Peer 1: 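Sharing a structure below in structure tokens format, with a few things to ask.
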Amino acid sequence: QALALQDDAAATVMPKRSPRRALLLFCAEHGFVAGFNLALVEAAQGAAPGAAPDRLFVVGTRGAVAAEEHGLNIAWKHPMTSRAAGVADVARIIAAELYRRFVAGDFSRLDTAFGRLDEGGRWQVERRPLLPLDLPHFCASGGSPPHHYLPAQGLVERLIEEYFLADLVRAGLESLAAENAARLHAMTAAHDNVARRLEQLQSQERIVRQEQITEELLDILAGAELARGTGSR
């Protein structure tokens with residue numbers, strides 16, 4: 001409805017940008033998440049045919065370390081929260097930085113890659129476009145125009161910023177849920193490995209103990225035989 005308030009001359013016009021493509025990764029801030037960060041880094045490496053994206057932005061300290069270890073050049077990074085309540089604050093910081101870069105013409109397209117939790121408790125990497133918005137897709141047909149106090153141009157720009165922020169919050173929450181699922185899976189696998197190893201060690205202990213008992217019995221029998229032979233002489 002806000003788009004309908006604009007005429008052709010006042011339509012939202014962005015400055016000319018370079019053809020750079022950017023990618024935002026939502027990674028883990030802390031460790032013990034198995035291959036969570038590595039899967040996202042591999043998604044960044046395969047984001048363009050035969051090359052990494054022109055601009056890479058990473059949220060999550062452990063993910064940034066993994067990206068740098070794999071030779072990716074990070075243009076901007078920021079810590080990831082470990083609480084769902086903190087996702088909105090992180091998203092605001094990301095939105096302010098990346099939208100500023102977008103408006104300034106630093107890149108022409110921004111996608112995001114993050115972990116998304118499936119119904120079965122597993123997660124997978126998902127990629128979604130963030131900027132620019134497909135404005136014609138949002139054009140509403142019919143209805144009364146909204147009451148507004150901002151110029152139509154300013155209203156549309158503010159709504160784009162809010163929609164961009166909402167997209168980031170959604171991706172951040174999805175990522176945090178997937179990260180915790182990956183961590184839970186890693187902890188469960190580690191627990192099972194420890195349980196199997198403990199069972200193996202206990203079995204080995206029983207075998208060693210049985211061998212010791214057998215050796216002690218043989219020593220006793222040998223001593224008894226020797227004493228019997230000495231007594232007969």
Side-chain angles (χ1 to χ4, degrees), residues 21-48 51-102 106-107 109-131 163-197:
R21 298 169 64 89
L23 180 65
L24 170 65
L25 294 183
F26 277 94
C27 299
E29 178 65 20
H30 303 291
F32 210 57
V33 289
F36 183 79
N37 293 319
L38 181 59
L40 289 161
V41 169
E42 290 176 348
Q45 290 176 318
D54 299 299
R55 291 286 187 272
L56 179 63
F57 310 114
V58 180
V59 180
T61 302
R62 291 301 181 96
V65 171
E68 290 172 343
E69 288 177 348
H70 284 74
L72 294 178
N73 184 26
I74 301 176
W76 182 80
K77 57 186 176 182
H78 189 273
M80 178 59 176
T81 182
S82 58
R83 302 178 298 109
V87 170
D89 292 334
V90 172
R92 289 188 185 94
I93 296 173
I94 300 170
E97 176 65 24
L98 300 194
Y99 196 75
R100 178 188 65 79
R101 289 172 177 256
F102 176 68
D106 186 45
F107 52 84
R109 178 183 174 88
L110 174 65
D111 292 348
T112 182
F114 56 92
R116 184 178 63 82
L117 190 61
D118 291 333
E119 293 182 358
R122 298 288 181 174
W123 63 272
Q124 62 181 1
V125 176
E126 181 165 325
R127 181 170 174 170
R128 293 179 184 172
L130 289 178
L131 293 173
Y163 191 88
F164 178 49
L165 175 62
D167 261 351
L168 292 174
V169 172
R170 179 176 59 179
L173 288 171
E174 292 269 14
S175 176
L176 192 60
E179 174 190 337
N180 286 324
R183 183 172 289 109
L184 179 60
H185 181 72
M187 292 175 65
T188 302
H191 178 272
D192 293 343
N193 289 336
V194 170
R196 284 193 296 269
R197 182 57 177 160

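Quantities reported herein were computed from a predicted structural model and do not represent experimental measurements.
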Peer 1: Only distances under 3.5 Å count here; give the side-chain donor-acceptor pairs of residues 72-84 to other protein atoms, sequence neighbours excluded, each with its distance to 0.1 Å.
Peer 2:
from, atom 1, to, atom 2, distance (Å)
Lys77, NZ, Glu68, OE2, 3.3
Thr81, OG1, Arg83, N, 3.2
Thr81, OG1, Arg83, O, 3.3

Peer 1: When rounded to the nearest 0.5 angstrom, what is the spacing between CZ in Arg109 and CG in Leu23?
Peer 2: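 Rounded to the nearest 0.5 Å, the CZ-CG separation comes out at 10.5 Å.
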Peer 1: Tell me, with the steps shown, if Leu38 and His70 meet side chain to side chain contact (heavy atoms under 4.5 Å, CB included).
Peer 2: CA-CA 9 Å; Leu38 181 59; His70 284 74; 3.4 Å; yes
Peer 1: In terms of side-chain geometry, is the basic nitrogen of Arg170 or Glu174 positioned less than 4.0 Å from the acidic oxygen of its partner?
Peer 2: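 Not counted as a salt bridge, because no side-chain N and carboxylate O are separated by less than 4.0 Å.
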Peer 1: Evaluate the criterion side chain to side chain contact (heavy atoms under 4.5 Å, CB included) for residue pair Leu24 and Leu168; output intermediate values, then yes/no.
Peer 2: CA-CA 10 Å; Leu24 170 65; Leu168 292 174; 3.5 Å; yes
Peer 1: Pro129 and side chain to side chain contact (heavy atoms under 4.5 Å, CB included): which single residue from Leu110, Asp111, Asp167 fits?
Peer 2: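 Output: one option passes, namely Asp111.
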Peer 1: Holding to ring-ring contact (aromatic ring centres under 6.0 Å, His included), I want the full list of residues that pass it with Phe57, two or more places apart in sequence or in another chain.
Peer 2: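 Result, ring-ring contact (aromatic ring centres under 6.0 Å, His included) vs Phe57: Phe107.
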Peer 1: May I ask you to decide if Ala66's main-chain N or O and Asn37's side chain share a donor-acceptor pair within less than 3.5 Å?
Peer 2: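 No; judged by distance alone, with no hydrogens or angles, the pair does not exist.
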Peer 1: As an exercise, state the distance from CZ of Arg62 to NE2 of His30, rounded to the nearest 0.5 Å.
Peer 2: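 It comes to 8.5 Å.
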Peer 1: Looking at Arg128, I want to see if its CZ is surrounded by more than 12 non-hydrogen atoms of other residues, nucleotides or ligands under 6.0 Å.
Peer 2: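 Counting neighbours around CZ of Arg128, more than 12 heavy atoms of other residues, nucleotides or ligands fall under 6.0 Å, so yes.
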Peer 1: List in chain and number order the residues that pass ring-ring contact (aromatic ring centres under 6.0 Å, His included) with Phe32, two or more places apart in sequence or in another chain; answer none if no residue qualifies.
Peer 2: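 Residues passing ring-ring contact (aromatic ring centres under 6.0 Å, His included) with Phe32: none at all.
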Peer 1: Where the side chain of Arg183 meets the backbone of Gly31, is there a donor-acceptor pair that is under 3.5 Å apart?
Peer 2: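 Here the side-chain-to-backbone pair exists.
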